[in-house]
There are 2 protein chains.
Amino acid sequence: MSPKDFASNLLQGVSEEGRAAALKRAVSRRLDRKQVLFREGETAAAMYLLEAGRLKLTQLAADGQEVLVRFVGPGDLCAGVAALEGSAYPVTARAVEPTSLLLWPRDVLRELCQRHPQIQTNILRAITGHLQDSMTRARELATERVASRVARTLLRLAQQSGRPVDGGILVDHPLSRQELAEMTGTTLYTVSRLLSAWEDAGLVEAGRERVTIRSVEGLEAVVEDE
Amino acid sequence: MSPKDFASNLLQGVSEEGRAAALKRAVSRRLDRKQVLFREGETAAAMYLLEAGRLKLTQLAADGQEVLVRFVGPGDLCAGVAALEGSAYPVTARAVEPTSLLLWPRDVLRELCQRHPQIQTNILRAITGHLQDSMTRARELATERVASRVARTLLRLAQQSGRPVDGGILVDHPLSRQELAEMTGTTLYTVSRLLSAWEDAGLVEAGRERVTIRSVEGLEAVVEDE
DNA sequence: CGTGCCCTTGAAGATCTTCAAACGCAGTGG
DNA sequence: CCACTGCGTTTGAAGATCTTCAAGGGCACG
């Protein structure tokens, strides 16, 4: 495996020459916790690929409420289409922990995509994945109860960014009740109550901006018993 | 304007030769009302472009409830990525009125995309639009009340498939309370009550599988006053 | 003329939000 | 080192919103 293996989502199937060209033209950048990478509505300047750390992408609702669209982890792409089309970023991106990433300015990206169409194909694949996720999310919001949605979200976070610890899986980045609420379309109060109940039942262990899943099966049962 | 202008979403920016090649290799097909074009989970056989009529795309929730993802109208693409990747259709497509469309079998589509990369770019653009829509939908489901969501949905339908009639805009295809409920994450009962109230207030006129918007401003006010 | 499908409406009650109050840890500054 | 302060969290109580269930009406189509 190459040392630049985290780039596989972007560069898989690209010729050796294309990979080299892409990596050579990439710019490196670091972000502190809570630092903003870009804001919703700004004209897209670049496409980003995460090396390490984590971003959260949010959208503002009409009434000012924030909605958490997704977390972006190592190897994930971000703002691919907005950069290609030169349109506005559809979300705001903020680091939830110290983060390092590569970026390709808009014009560089366009040139790379023209010379190496497989890169565009890979961006298309990434977008398709996000579309699937978004449809799944909308379907769950439309048909499931809050408890199911929160349980599902925890299970998903465990998969995406879970770190095994003794007797459980820790979601390995800061995660507040408020953020869980913004991911599931509910309030921080309801999330707090659910976590308290699940803690009593031995399904999770909850701390300040920390959640550890103690029983995956238990949470799956919560998802089922609508 | 070309007689094949409905194909602009797919063929804009494609060379004259590419447009000709694409149209030559397209297969024509007709559907009756309620006829199924493809089902969620089947391996994708082709990409579709609507000439006339309307499809509805639905997804099944875990508990068997149907969710209405969107309506597809003339000029709209459908199943582009699933066909390119040879994966499963993510939704079921059903005609809600007599419909005619063009289709490109999977292998033909792949060849066209290779020879004319702009076609793939156009598919990427279409998918991006759907991603935006889906995110908007999820955000609304997460933050807005039922009345707002139903009102918004009616306004959107008026834009997409509205036909001016005396004193209003008719949504120009069959549209049941159940379908409106499946679009907005509520029940047919709640939709029925809302439409009855809005009819009394003079905002809409509702019939069997028919809705006419009498006051766009009135519905916009419903959206606002959360 | 019946039958099926779509629609309406009432009543009861579950689910979830809202508001208010208070707790406790983490980091800061005295 | 301690107190202060901010922020994330917890919990109770009240009540709004929406669903669910039940019953019935009416139009369209065979």
Side-chain angles (χ1 to χ4, degrees), chain A residues 32-34 56 61 63-68 96-97 140-151 153 171 173-201 204-212 222-223 225-226, chain B residues 32-34 56 61 63-68 94 96-97 140-151 153-154 171 173-201 204-212 222-223 225-226:
Chain A
D32 296 331
R33 176 162 148 86
K34 301 200 174 175
K56 81 170 172 185
D63 62 345
Q65 266 184 81
E66 275 207 339
V67 174
L68 205 166
V96 296
E97 56 183 9
E140 289 169 6
L141 283 163
T143 63
E144 295 182 1
R145 314 241 127 130
V146 171
S148 287
R149 305 202 304 262
V150 176
T153 299
V171 178
H173 58 81
L175 177 69
S176 68
R177 308 290 180 272
Q178 177 67 36
E179 286 170 328
L180 270 171
E182 287 170 4
M183 297 184 82
T184 50
T186 181
T187 61
L188 80 94
Y189 308 106
T190 298
V191 170
S192 177
R193 278 182 241 273
L194 286 171
L195 288 182
S196 295
W198 293 342
E199 187 148 33
D200 292 348
V204 304
E205 199 178 311
R208 187 191 174 92
E209 297 191 309
R210 269 173 50 98
V211 182
T212 305
V222 171
V223 170
D225 76 28
E226 273 299 86
Chain B
D32 296 331
R33 176 161 147 86
K34 300 201 175 173
K56 81 170 172 184
D63 62 346
Q65 266 184 81
E66 274 206 340
V67 174
L68 205 166
R94 203 182 316 252
V96 296
E97 55 183 10
E140 289 169 5
L141 282 164
T143 62
E144 295 182 2
R145 315 241 124 132
V146 171
S148 288
R149 306 202 303 263
V150 176
T153 300
L154 286 177
V171 177
H173 58 80
L175 178 69
S176 68
R177 308 290 181 273
Q178 176 66 36
E179 286 170 328
L180 270 171
E182 287 169 4
M183 297 185 82
T184 51
T186 182
T187 61
L188 79 94
Y189 308 105
T190 298
V191 171
S192 177
R193 278 182 242 272
L194 286 171
L195 288 183
S196 294
W198 293 343
E199 187 148 33
D200 291 349
V204 304
E205 199 178 311
R208 187 192 173 91
E209 297 192 310
R210 267 172 50 98
V211 182
T212 305
V222 171
V223 171
D225 75 29
E226 273 299 86

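To find a chain, count down the sequence lines: A is the first, B the second, and so on, and within it residues start at 1.
- Listed here is the closest heavy atom pair of B/Arg149 and B/Thr153: O-OG1, 2.7 Å.
- Put simply, CD on B/Gln65 is 11 Å from C1' on D/dT19, counting in whole angstrom units.
- With salt bridges taken as basic N to acidic carboxylate O contacts below 4.0 Å, one links A/Arg33 and A/Glu209.
- Straight-line distance from the CG atom of A/Leu180 to the P atom of D/dG8: 14 Å, rounded to whole Å.
- Rounded to a whole Å, the CG atom of A/Leu195 is 16 Å from the P atom of D/dG8.
- Taking 4.0 Å as the cut-off between side-chain N and carboxylate O, B/Arg94 and B/Glu66 count as a salt-bridged pair.
- Rounding to the nearest 0.5 angstrom, the gap separating the CG atom in B/Leu141 from the CE atom in B/Met183 is 11.0 Å.
- Each of A/Arg145 and B/Glu209 was assigned the nucleotide of DNA chain C with the nearest heavy atom; the assignment lying further toward the 5' end belongs to B/Glu209.
- Using a 4.0 Å heavy-atom cutoff across all strands shown, A/Arg177 reaches sugar-phosphate atoms only and no base atom.
- A/Arg33 places its CZ atom 12 Å from the C1' atom of C/dA26, with the value rounded to the nearest Å.
- Inter-residue side-chain proximity for A/Glu97 and A/Pro174 is flagged as met; some heavy-atom pair is nearer than 4.5 Å.
- For the pair A/Arg193 and A/Glu199, the salt-bridge criterion is not met [side-chain N within less than 4.0 Å of a carboxylate O].
- The side chain of A/Ser196 lies closest to D/dT10 when the candidates are D/dT19, D/dT10, C/dC6.
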Self-check item: side-chain contact (heavy atoms from CB on, under 4.5 Å) between B/Val171 and B/Thr212, worked out
Solution: CA-CA 6 Å; B/Val171 177; B/Thr212 305; over 6 Å; no
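- For the helix from C/dC1-D/dG30 to C/dG30-D/dC1, the terminal axes (five pairs an end, C1' atoms, rotation from four pairs onto the next four) enclose an angle of 40°, given to 10 degrees.
- At whole-Å resolution of the value, CH2 in A/Trp198 and P in D/dT11 are 15 Å apart.
- No side-chain heavy atom of B/Leu154 sits under 4.5 Å from any side-chain heavy atom of B/Val222.
- Side-chain contact between B/Val67 and B/Glu182 is absent, with no heavy atoms from C-beta onward closer than 4.5 Å.
- Taking atom CD on B/Glu205 and atom P on C/dT8, their separation rounds to 13 Å, with Å as the unit.
- Rounded to whole angstrom, the span from the CG atom of B/Leu175 across to the C1' atom of C/dC5 amounts to 16 Å.
- Taking a 4.0 Å limit (strictly below) on heavy-atom distances, residues 184-193 of chain A reaches DNA chain C at A/Gly185, A/Thr186, A/Thr187, A/Tyr189, A/Thr190, A/Arg193.
- The distance between atom CD of A/Glu144 and atom P of C/dC16, rounded to the nearest whole Å, is 11 Å.
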